[in-house]
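First the structure, in the form of structure tokens, and then the observations on it.
Start at 1 and go down the list; that is how both ligands and their atoms are numbered.
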Amino acid sequence: MHDGFDITARIAGIGSYLPERILTNADLERMVETSDEWITTRTGIKERHIVAEDEAMVDLVIRAGKAAMDDAGVDPADIDLFLLATATVEQPVPASSSIAQPALGVVNAACLDVSAACSGFVYALNVARQFIATGEARNVLLVGGETLTRFTDWTDRTTCVLFGDGAGAVVLQPAPAGEGILRCAWRTDGTYKDLIAMPGGGSRIPPANPRNIEERLGFIKMRGNEVFKVAVRAMAEISQDVLEQAGVTVDDLALFIPHQANLRIITAVGSRLGIPTEKVYTNVQRVGNTSAASIPLAMADAVAEGRLQRGDLVLLTAFGGGFTWASALIRY
Ligand code: UT7
């Protein structure tokens, strides 16, 4: 069932944080030409949490990361690797993981940001387990944190109804093969790089370039319809691959936690895989698309609701800008 590593990584603790402010579909109706009915039928989303004026991505990461370390009963000083999956860095330099390090107290950890858009958390899980398998790391803090609403064009109704902010975190520790992460797969196809993108503010079109303001290039641009079709196919395929490699079927799964992008994508992937609706976890209705935070936020909610319990087999599958996609099978 497992992937040949003698040692693998288990989830020793989990935590999450959502900013207090809630933006409802009714609020959005007052901002752009949209309706609760359109947003609900096309996406399933009813509300999302958004950061306050004085809050930034790292503030959410610190709250979620501390909660996960408390849950694991780990001293922050014992964390030797801190991975932060995000597409919405606090600033280009230094890495957001470095910025969060002092407040988290992970003073002995190497700090690394992982950039794979909405697949960032599952990508970082795959990174973490390699370091644990080789004995290079014994306590990994992995946080998926995002403030997509800071990069949202509030005049673009095709994107501004989709996103929310939040952070979810896990602590990973060594475990014998057959427990914890059993299988991971990850893929990238850069030919789709323009379908979900924030084109401005990097080295090609630096922040001071007037085009950033004139053409609104610092905001998320997405060709949603084209993304949708590839996302469903790719998520189903990679999930199937991971299940087959592990020699398990959907009947063995206690829960499927897909990236919470859109209820229609989630339903379509679940039905392609033949997973009964009651085994497909969703919280997108309450949080919107939180990118790299989406899967750990959903996991934390599933644990809090008693839907994910110790010993359960859970499949995580993500898809995002790049395109990137990834899946992990875990004995929780
Ligand atoms: O997290 C990374 C992965 N990203 C995703 O998974 C997003 C994937 N894509 C989607 O979820 C969907 O494509 C959307 C929810 C973004 C859009 O749904 P859709 O069914 O693909 O709609 P559409 O883009 O084909 O637009 C249909 C119509 C258009 O009007 P016309 O041209 O048919 O007259 C849009 O202008 O809906 C219109 N529209 C809206 N109407 C009311 C687009 N946005 C809105 C809106 N309110 N907010």
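- How far CD of Glu244 is from CZ of Arg183: 11.5 Å, rounded to the nearest 0.5 Å.
- Salt bridge absent: Arg21 and Asp165 never bring a charged side-chain N and a carboxylate O closer than 4.0 Å.
- Per-residue contacts place Val161 under 4.0 angstrom from the following atoms of ligand 1 (heavy atoms of the residue considered): 48 (N).
- Remark: among candidates Arg157, Gln260, Met235, the nearest residue to atom 38 (C) of ligand 1 is Arg157, based on non-hydrogen atoms.
- Close contacts of ligand 1 with Met222, meaning ligand atoms under 4.0 Å from a residue heavy atom, involve 4 (N), 7 (C).
- Annotation: the span from Ile196 atom CD1 to Thr324 atom OG1 amounts to 8.0 Å, rounded to 0.5 Å.
- Atom CG of Asn25 is separated from atom CG of Leu28 by 6.0 Å, given to the nearest 0.5 angstrom.
- Considering backbone and side-chain atoms together, Ser35 places no N or O closer than 3.5 Å to any N or O of ligand 1.
- What you find for Ala137 and Leu81 is that their closest heavy atoms are CB-CB, 4.3 Å.
- Remark: ligand 1 atoms within the under-4.0 Å shell around heavy atoms of Ala261 are 1 (O), 6 (O).
- Residue-ligand proximity: Ala231 is placed with every non-hydrogen atom at 4.0 Å or more from ligand 1.
- One distance of note links CD of Glu55 with CZ of Arg63; it measures 7.5 Å at 0.5 Å rounding.
- Nearest to atom 21 (O) of ligand 1 among the protein's heavy atoms is Asn225 ND2, 3.0 Å.
- Annotation for ligand 1: atoms under 4.0 Å from non-hydrogen atoms of Cys118 are 1 (O), 2 (C).
- Heavy-atom proximity to Asn289, at under 4.0 Å, picks out these atoms of ligand 1: 1 (O), 2 (C).
- At under 3.5 Å, a nitrogen or oxygen of Gly224, whether backbone or side chain, sits near a nitrogen or oxygen of ligand 1.
- Where the criterion is an N or O separation shorter than 3.5 Å, residue side chain and backbone included, Thr43 fails it with respect to ligand 1.
- Atoms of ligand 1 found under 4.0 Å from any heavy atom of Arg264 (numbered from 1 in listed order, with element): 18 (O), 20 (O).
- With a 4.0 Å heavy-atom cut-off, ligand 1 is reached by the side chain of Val227 but not by its N, CA, C or O.
- Both the backbone and the side chain of Thr34 come within 4.0 Å of ligand 1, judged by heavy-atom distances.
- The distance from atom CD1 of Ile238 to atom CG of Leu243, rounded to the nearest 0.5 Å, is 11.0 Å.
- Gln130 and Asn126 share a donor-acceptor pair across their side chains, judged by distance under 3.5 Å alone.
- Taking the ring axis of Tyr332 as reference, the NZ or CZ atom of Arg310 stays within 45° of it and closer than 6.0 Å to the ring centre.
- Of the possible donor and acceptor atoms, one in the side chain of Ser35 sits under 3.5 Å from a partner among the backbone N and O of Trp38.
- In this structure, the protein non-hydrogen atom closest to atom 16 (C) of ligand 1 is Leu162 CD1, 3.9 Å.
- Closest to atom 10 (C) of ligand 1, if we only count protein heavy atoms, is Asn262 ND2, 3.5 Å.
- The shortest heavy-atom contact between Asp113 and Ser96 is OD2-N, 2.9 Å.
- Only side-chain heavy atoms of Ile265 come within less than 4.0 Å of ligand 1; its backbone N, CA, C and O stay farther off.
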